There are 2 protein chains.
Amino acid sequence: MQISKGVEWAAHACGILCAVPQGKGLQSDAIAEFLGVPPAYMAKQMQLLRKASIVDSVRGQGGGYRLAQTADQITLWDIMAAIDGSKPSFRCTEIRQNGPCPASKSSCKTPCIIAAKFAQAETAFRQSLAQTTLAEIAVSASMGSSVERMEKMATWLQSKI
Amino acid sequence: MQISKGVEWAAHACGILCAVPQGKGLQSDAIAEFLGVPPAYMAKQMQLLRKASIVDSVRGQGGGYRLAQTADQITLWDIMAAIDGSKPSFRCTEIRQNGPCPASKSSCKTPCIIAAKFAQAETAFRQSLAQTTLAEIAVSASMGSSVERMEKMATWLQSKI
DNA sequence: TTTTATCTGGATATATTTTATCCGATTAAG
DNA sequence: CTTAATCGGATAAAATATATCCAGATAAAA
């Protein structure tokens, strides 16, 4: 069970967008350059973030992406759900209805106990991610970063917007 | 992010093995028949369960599979880890070290905050699964089952061991 | 108005993982 | 010795993840 790389990229992309001033936008290619990832595929992830209303896009010359919500409203779960989807990762195929001793249709109105337990575990996973906001991530990331790097990033960003 | 079907199959397979009397074994093909799944692939899942010491196998004529531990010692997490592996599903590719403003090696001794948050969420997931034992599942399943079905299952099992 | 820069959406291609099957080797009962 | 079962590896098909490209839409700037 692997989480797509796009989730990692998208999370870092949103982190950069935190530093983009109000009213400005950062291009998809610039984001890809900053993260050192393939631009064409990064663009796909940005489109998924837009569909989920996590970022806004501005078309045309001088356009780009910006956050559609404040950083404390966006959670890691929002980002993951935008990229990977929010369908349960455990797929119950109703095995209990198969074979020589199938459970009756009527007894299968309540979900299979195994599926229920997995659903419960996935809820725990989602809730954990939903407790982490982008704001928290941005702060932690800047705390763990040297002053030199922060200045370098600010300069780079200036040259792109 | 999808959990492999094998996890579902393995969980149900272990459920059946709960009903196999001490000292007896149930063949892989019989398990597949009972669950209505492809025998060859079911056999692969049984081998994974064996590698994880969740089941024991007996080779040769009259052989088969049985639980290697008591039902209350086996958790859903054990089964899932046996089939899907226990590697983290979020893969941190150290994006922060990429691009025009890379983080220094020395500042990357502590894990990336994003990876850390995902690790935390996965721990919540695992702990939730680890709290559910096979015994609990077997009881719940039998509670939700009709007397007719339980008898049918017992008869079928008798014919196979 | 024309040019330029950017996102949009779909088509396509490649790599990886999942799903599935088969077969020879091994083991044990009859 | 013959039969019945798992073991382990090789292989193949299907699905998904990863990645690229291009024509079209849109908007700012010249």
Side-chain angles (χ1 to χ4, degrees), chain A residues 1-10 13 17 20 23-33 35-66 68 80 82-85 87 89-91 93 95 160-161, chain B residues 1-10 13 17 20 23-33 35-66 68 80 82-85 87 89-91 93 95 160-161:
Chain A
M1 185 187 55
Q2 301 274 284
I3 294 172
S4 124
K5 284 189 195 175
V7 173
E8 186 193 11
W9 300 7
L17 291 184
V20 174
K24 301 278 188 173
L26 189 59
Q27 305 157 21
S28 180
D29 280 1
I31 297 172
E33 179 198 341
L35 300 182
V37 298
Y41 198 41
M42 182 78 249
K44 279 278 179 263
Q45 317 305 323
M46 295 311 297
Q47 285 182 24
L48 291 173
L49 288 176
R50 183 185 171 275
K51 277 188 192 160
S53 298
I54 292 171
V55 302
D56 277 335
S57 66
V58 179
R59 288 216 235 183
Q61 192 169 19
Y65 288 98
R66 66 182 65 147
M80 170 153 180
I83 305 297
D84 253 18
K87 279 179 304 187
S89 48
F90 181 87
R91 299 160 287 175
T93 59
I95 275 187
K160 293 294 178 180
I161 59 179
Chain B
M1 183 186 58
Q2 303 274 293
I3 295 172
S4 126
K5 283 190 198 173
V7 173
E8 187 194 11
W9 301 6
L17 291 184
V20 173
K24 302 279 186 169
L26 188 60
Q27 304 160 19
S28 180
D29 280 359
I31 296 171
E33 179 199 340
L35 300 181
V37 298
Y41 198 39
M42 182 77 248
K44 277 279 179 258
Q45 316 308 324
M46 295 311 297
Q47 285 181 23
L48 291 172
L49 288 176
R50 182 184 174 277
K51 275 187 194 162
S53 297
I54 292 171
V55 302
D56 276 336
S57 69
V58 179
R59 285 217 234 185
Q61 192 171 19
Y65 289 98
R66 65 181 69 147
M80 170 157 179
I83 306 296
D84 252 19
K87 279 179 305 187
S89 48
F90 181 88
R91 296 161 289 174
T93 60
I95 274 187
K160 293 293 177 179
I161 60 181

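Every chain is numbered from 1 and lettered A, B, ... according to where its sequence line falls, protein lines coming before strand lines. It should be emphasised that the depicted structure is a prediction, and the values quoted were computed from it without experimental measurement.
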Value rounded to 0.5 Å, distance of CD in Gln47(B) from CD1 in Ile83(B):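 So the CD of Gln47(B) and the CD1 of Ile83(B) are separated by 10.5 Å.
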Without decimals, in angstroms, what is the distance between [X] [atom1] and [N] [atom2]?
X	N	atom1	atom2	value
Gln47(B)	dC23(C)	CD	C1'	13 Å
Ile83(B)	dA20(C)	CD1	P	14 Å
Gln45(B)	dT18(C)	CD	P	11 Å
Met46(B)	dT6(D)	CE	P	9 Å
Asp56(B)	dA5(D)	CG	C1'	16 Å
Met42(B)	dC22(C)	CE	C1'	18 Å
Arg66(A)	dC7(C)	CZ	C1'	13 Å
Tyr41(A)	dT12(C)	OH	P	19 Å

Touch class at under 4.0 angstrom, heavy-atom based, for Gly64(A) against every strand present: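 Answer is sugar-phosphate: Gly64(A) comes under 4.0 Å of backbone atoms only.
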Sugar-phosphate only, base, or nothing, as touched by Gln27(B) at under 4.0 Å among non-hydrogen atoms: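 Sugar-phosphate, no base atom in range.
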Any residue meeting side chain to side chain contact (heavy atoms under 4.5 Å, CB included) with Thr93(A), in chain and number order, not counting sequence neighbours: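 Residues passing side chain to side chain contact (heavy atoms under 4.5 Å, CB included) with Thr93(A): Ile95(A), Glu8(B).
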Pairing residues for Arg91(B) by the side chain to side chain contact (heavy atoms under 4.5 Å, CB included) criterion, not counting sequence neighbours: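 So Arg91(B) forms a side chain to side chain contact (heavy atoms under 4.5 Å, CB included) with Gln2(A), Lys5(A).
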Is [X] close enough to [N] that one of its side-chain N or O atoms is under 4.0 Å from OP1 or OP2 there?
X	N	answer
Arg50(A)	dC7(C)	no
Ser4(B)	dT19(C)	yes
Arg91(A)	dA15(D)	no

Nearest-nucleotide 5' precedence on DNA chain C, Asp84(B) against Pro38(B):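 Closest to the 5' end, via its nearest nucleotide, is Asp84(B).
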Within-4.5 Å side-chain heavy-atom neighbours: Leu17(B) and Met46(B):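 Sidechains of Met46(B) and Leu17(B): in contact.
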Under 4.0 Å protein heavy-atom contact, by nucleotide of nucleotides 21-30 of chain D - B base, S sugar-phosphate only: ---BBBBBS-
With Lys160(A) via salt bridge (charged side-chain N to carboxylate O under 4.0 Å, His left out) - residues at least two apart: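 Residues passing salt bridge (charged side-chain N to carboxylate O under 4.0 Å, His left out) with Lys160(A): Glu33(A).
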Residue list, side chain to side chain donor-acceptor pair (under 3.5 Å) with Gln45(B), at least two apart or on another chain: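 Counting only residues at least two positions away or on another chain, Gln45(B) forms no side chain to side chain donor-acceptor pair (under 3.5 Å).
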Using atom types as modelled, flag every donor-acceptor pair under 3.5 Å from a side chain in residues 23-32 of chain B to any protein atom, sequence neighbours excluded.
none

Of the listed nucleotides dG8(D), dT19(C), dT8(C), the one nearest the side chain of Ser57(A):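 Looking only at heavy atoms from C-beta outward on Ser57(A), the closest nucleotide is dT8(C).
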Base-pairing assignment for dA30(D) (Watson-Crick or G-U wobble, both under 3.5 Å):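 Partner of dA30(D): dT1(C).
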5' precedence on DNA chain D between Asp29(B) and Gln2(A) (nearest-nucleotide basis):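 Counting from the 5' end, the first nearest nucleotide belongs to Asp29(B).
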